[in-house]
Amino acid sequence: MRFARTPCYAPVRKTRAETMNLFDDIRTLVLDALTATVRDGGLPEGLSFDAVTAEPPRDAAHGDVATNAAMVLAKPSGLKPRAIAEALAERLRADPRIAEVEVAGPGFLNLTLTPAVWQGLVGTVLRDQTGYGRSQLGAGKRVNVEFVSANPTGPMHVGHTRGAVFGDALASLLEYAGHDVTREYYINDGGAQVDVLARSVYLRYLEAHGQDVAFPDGTYPGDYLIEVGQALKDKVGDAYLDKGEDVWLEDLRDFATAAMMELIRDDLASLGVKMDLFYSERSLYGTGKIEAALADLDAKGLIYEGVLEPPKGKLLEDWEPREQTLFRSSLHGDDVDRPVKKSDGGWTYFAPDIAYHYDKVTRGFDALIDVFGADHGGYVKRMKAAVSALSGGKVSLDVKLIQLVKLTRNGQPLKMSKRAGTFVTLRDVVDQVGQDVTRFVMLTRKNDAPLEFDFDKVLEQSKDNPVFYVQYAHARICSVLRKAEAMGVDVSDAAIAAQDLSDISDPAELALIKKLAEWPRLVEIAARTNEPHRIAFYLYELASEFHGLWSRGNDATGLRFLQEDDPALTATKIALPKAVSVVISAGLGILGVTPLEEMR
RNA sequence: GGCCCCGUAGCUCAGUGGAUAGAGCGACCGCCUCCUAAGCGGUAGGUCACAGGUUCAAAUCCUGUCGGGGUCACCA
């Protein structure tokens with residue numbers, strides 16, 4: 001593997017094995033050294049190197065990259081960790097990228113890289129731009145991300161907002177990691193709630209004709225249906241007045257859901273979310289699709305008529321044994337089998353969802369991701385069972401449950417009630433704090449942790465507001481670049497990247513570069529775990545490193561990016577902040593947040 | 001009661017099996033004739049709920065217990 005010896009700072013075309021992920025490159029180097037050691041008889045043949053890692057150590061005193069090779073191989077090889085480590089160290093020292101090798105702790109090999117490696121990394125970032133960090137992790141993999149999927153019965157509320165941002169950012173993240181991603185919305189337009197919607201619109205229609213109407217329980221009294229009723233009047237005139245449901249219900253279902261979906265599309269657009277496909281539940285009924293999906297399960301012996309046991313330990317007074325059509329989901333990891341037909345012969349909600357996921361499977365996706373509200377946790381096992389059964393275990397399904405958003409204002413909880421009209425919609429949030437802030441804040445928690453969203457705090461301009469803090473770093477960099485340009489410096493990426501960057505060598509500068517080096521690795525971890533919040537946290541850390549270096553320039557003028565009366569040195573010093581801005585832009589891009597060039 | 005998620009600093013939370021567990025807020029002490037102080041540096045603060053187990057190595061994986069939340073046939 002001679003090419004592995006090519007210094008990665010050399011402006012050469014990347015070889016197949018050389019990635020943008022520095023830690024992968026070093027791991028390759030370690031594996032090469034291990035292979036050579038085996039060849040020379042220093043290690044037995046047939047060892048697996050799978051457990052060997054090369055990671056950034058938590059403590060900077062432990063060098064730049066640490067590998068556990070000696071520890072994981074000690075037992076299988078029957079050698080002492082120390083002996084393996086020493087032999088490896090010898091070989092690793094020969095690589096031009098390695099400045100120092102140290103055996104430490106229980107057998108870690110701590111590697112320190114040469115400044116040239118770090119300087120070269122800045123050049124790489126500037127050349128690759130937002131392509132720096134893009135991964136081939138998902139190359140050739142098609143992923144379907146289903147998210148939001150709110151009932152088409154009204155405008156989106158805050159709970160949907162978090163799911164929408166999460167799903168969209170996750171989709172972008174997976175794209176960035178090389179996957180072919182489809183963003184999809186399942187329209188729950190097949191159930192009884194659509195009839196309720198249609199009747200509610202009918203009431204508003206009567207109202208538009210000047211009638212006095214009341215909204216009994218089981219109807220939607222929301223104002224947002226007023227204009228829908230008016231629109232219906234404009235369309236059909238008085239054709240439905242004094243007519244029974246048998247005349248208008250069918251038509252109103254279509255009319256009302258279409259109106260609601262328009263509302264929802266607008267809501268999504270205000271968040272910057274664009275779906276690739278809206279998939280209608282109703283399109284599954286009467287088209288043989290549900291039957292086909294269940295036939296597939298039936299052919300696998302997974303459909304039967306049977307009676308369920310009553311739920312364990314829970315008292316259900318009205319429970320009675322009943323024969324139903326059941327899916328043998330318990331054979332695919334579920335706790336009990338699940339009914340697909342109701343006692344009246346109609347499908348349960350589960351049945352069309354099986355058909356929908358069957359459709360996804362047959363469309364050829366390699367992986368499916370469903371983003372649900374946390375209250376759907378009880379639905380996960382059966383859905384996974386369905387996908388497992390339908391795909392013969394070939395397609396994976398990961399369900400991400402989104403916890404609640406707790407809305408507050410100045411620390412005081414906002415009471416929400418549909419009846420009291422204090423119901424907070426997605427639009428309320430976006431209108432008040434803006435798309436960028438909404439998106440970023442929604443990603444500052446792990447998906448399965450509750451999120452507090454404080455209308456005042458998210459607009460606060462201080463370091464405890466991560467949105468601001470990251471944006472501020474970017475704006476500072478843009479400010480520096482503007483001033484450098486005013487000094488007559490060519491600030492184009494090509495010009496900066498083409499320079500000799502060996503003047504960027506202060507430990508404080510190298511520390512910031514090392515943070516940049518973690519970016520490709522972080523992207524892969526985030527993509528592998530389907531956790532876009534990791535991007536937001538990383539950006540905060542990167543911004544923090546940057547602000548730290550900036551402030552050092554207060555005392556140490558040599559660390560300032562703008563070097564007075566020295567355009568040539570300024571051109572060099574500017575490379576690092578510029579690279580930082582590239583990564584911030586890439587990261588914010590994944591989150592769907594626009595980087596600010598100025599904040600005053 | 002079954003299943004799922006959570007339990008980490010006073011508070012809010014990070015932490016793909018690695019070394020001495022981190023950040024922000026709050027508290028205390030410093031830093032602007034100087035690229036945006038909307039910032040930076042430092043101090044204090046911990047039985048990673050508890051008990052076992054696996055491992056060279058556990059906040060992380062497994063089992064159990066305790067505590068908080070969600071959910072529980074014929075709703076969607």
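Letters go in sequence order (proteins before strands), and every chain restarts at 1. Just so it is clear, the values below take in all heavy atoms, side chains as well, and ignore hydrogens, waters and symmetry mates. It should be emphasised that the depicted structure is a prediction, and the values quoted were computed from it without experimental measurement.
- Sorted by first and then second residue, the pairs that involve residues 541-551 of chain A and meet salt bridge (charged side-chain N to carboxylate O under 4.0 Å, His left out), not counting sequence neighbours, are A/Lys515-A/Glu541.
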So if I define the base as every atom that isn't primed, P, OP1 or OP2, how would nucleotides 69-76 of chain B read as a B/S/- string at a heavy-atom cutoff under 4.0 Å?
-SS-BBSB
Could you spell out the base pairing of RNA chain B in dot-bracket, with Watson-Crick or G-U pairs whose two distances are under 3.5 Å, [ ] crossing and | to another strand?
(((((((..((((....[...)))).(((((.......))))).....(((((..]....))))))))))))....
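- With B/G15, B/C35, B/C3 as the candidates, the nucleotide lying closest to the side chain of A/Phe561 is B/C35.
- Taking A/Arg134 as the reference, nothing meets the salt bridge (charged side-chain N to carboxylate O under 4.0 Å, His left out) condition, with sequence neighbours excluded.
- A heavy atom lying under 4.0 Å from RNA chain B marks the following residues of residues 474-484 of chain A, by number: A/Ala475, A/Arg476, A/Ser479, A/Val480, A/Lys483.
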Distances under 3.5 Å between nitrogen or oxygen atoms of protein and nucleotides 17-21 of chain B:
unit_1	atom_1	unit_2	atom_2	d
B/G18	O6	A/Asn68	ND2	3.2
B/A19	OP1	A/Arg58	NH2	3.4
B/A19	OP2	A/Arg58	NE	3.2
B/A19	OP2	A/Arg58	NH2	2.8
B/A19	N6	A/Asn110	OD1	2.6
B/A19	N1	A/Asn110	OD1	3.1
B/A19	N1	A/Asn110	ND2	3.0

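- Evaluation of the side chain to side chain contact (heavy atoms under 4.5 Å, CB included) rule for A/Tyr304 yields A/Leu326, A/Arg328, A/Asp337 as partners, not counting sequence neighbours.
- Take A/Met71 and apply the side chain to side chain contact (heavy atoms under 4.5 Å, CB included) test, not counting sequence neighbours, and it matches A/Asn68, A/Pro106, A/Phe108.
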Please tabulate, for side-chain N and O atoms in residues 448-458 of chain A, each donor-acceptor pair with protein atoms closer than 3.5 Å (sequence neighbours left out).
unit_1	atom_1	unit_2	atom_2	d
A/Glu452	OE2	A/Thr408	OG1	3.2
A/Asp454	OD1	A/Asn410	N	3.0
A/Asp454	OD1	A/Asp456	N	2.9
A/Asp454	OD1	A/Lys457	N	3.2
A/Asp454	OD2	A/Thr408	OG1	2.8
A/Asp454	OD2	A/Asn410	N	3.2
A/Asp454	OD2	A/Gly411	N	2.7
A/Asp456	OD2	A/Asn410	N	2.8

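- Within residues 541-552 of chain A, the residues having any heavy atom closer than 4.0 Å to RNA chain B are, in order of number, A/His547, A/Gly548, A/Trp550, A/Ser551.
- Partners of A/Asp359 by salt bridge (charged side-chain N to carboxylate O under 4.0 Å, His left out), not counting sequence neighbours, listed by chain and number: A/Arg363.
- Annotation: salt bridge (charged side-chain N to carboxylate O under 4.0 Å, His left out) contacts of A/Arg382 (sequence neighbours excluded): none.
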